[in-house]
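Both ligands and their constituent atoms are indexed starting at 1 by order of listing. Note that the coordinates shown come from a computational prediction; the quantities given were computed from them, not determined experimentally.
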Amino acid sequence: MSIEKHLYSNGTVTIVWQPKLCAHSGNCVRGLPTVFQSREKPWIKPEGAETEQIIEQVKKCPSGALTFFLNSENPDK
Ligand code: SF4
């Protein structure tokens, strides 16, 4: 069974969102509203903040729906 994943990259970091894991707690939307915009499509705007800010916010996702990887360390390669 494959797990649905959506990828959003600013060229340096890639945000990975797994919708089935998302608890819709809104932590990300409140914490970094320039990137996480639940009313928009796509709802994640990776160009909306610095890479460091994105990483810090992704780490605070309580459900594990958000993860990230650095493009220079792409795990798919
Ligand atoms: S912080 Fe994580 S669980 Fe909460 S809304 Fe964002 S992606 Fe979903």
Side-chain angles (χ1 to χ4, degrees):
M1 192 177 78
S2 67
I3 297 172
E4 185 184 0
K5 289 183 180 180
H6 296 268
L7 305 184
Y8 309 85
S9 180
N10 69 0
T12 302
V13 66
T14 296
I15 303 166
V16 182
W17 182 56
Q18 297 179 60
K20 286 205 168 70
L21 295 181
C22 179
H24 302 286
S25 64
N27 285 22
C28 53
V29 177
R30 282 190 299 274
L32 200 54
T34 55
V35 173
F36 299 100
Q37 301 181 349
S38 55
R39 293 170 193 273
E40 303 286 327
K41 273 186 188 287
W43 78 282
I44 296 179
K45 316 278 191 209
E47 67 281 1
E50 297 299 323
T51 294
E52 285 302 313
Q53 293 176 284
I54 290 172
I55 290 172
E56 285 309 306
Q57 189 61 49
V58 164
K59 286 179 177 174
K60 292 176 185 166
C61 173
S63 69
L66 289 176
T67 55
F68 74 93
F69 60 83
L70 295 174
N71 292 13
S72 60
E73 301 172 353
N74 189 337
D76 293 334
K77 285 186 179 162

Exercise. Any donor-acceptor pair under 3.5 Å linking the side chain of Glu73 with the backbone of Leu70?
Worked result: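 No, Glu73 side chain to Leu70 backbone: no donor-acceptor pair under 3.5 Å.
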
Exercise. Thr14 side chain to Ser9 main-chain N or O, any donor-acceptor pair under 3.5 Å?
Worked result: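 No; zero donor-acceptor contacts below 3.5 Å.
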
Exercise. More than 12 foreign heavy atoms under 6.0 Å from CD of Glu47: is that the case here?
Worked result: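 Yes, enclosed.
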
For this session: Could you pull out the closest heavy-atom pair between Asn27 and Pro62, with the gap in Å?
Result: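 Taking every non-hydrogen atom into account, ND2-CD, 3.7 Å.
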
For this session: Collect the protein residues that have a non-hydrogen atom under 4.0 Å from ligand 1 and hand them over in chain and number order.
Result: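 Correct list: Trp17, Cys22, Ala23, His24, Ser25, Gly26, Asn27, Cys28, Cys61, Pro62, Ser63, Leu66.
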
Problem set entry | Test item: Trp43 and Cys28 side chains (from C-beta on) under 4.5 Å apart, heavy atoms |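 Answer yes - side chains close enough.
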
Exercise. Should Leu21 and Val58 be regarded as members of a common hydrophobic cluster, given that ILVMFWY residues are connected when their side-chain heavy atoms come within less than 4.5 Å of each other, either directly or indirectly?
Worked result: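 No; Val58 is not reachable from Leu21 via cluster members.
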
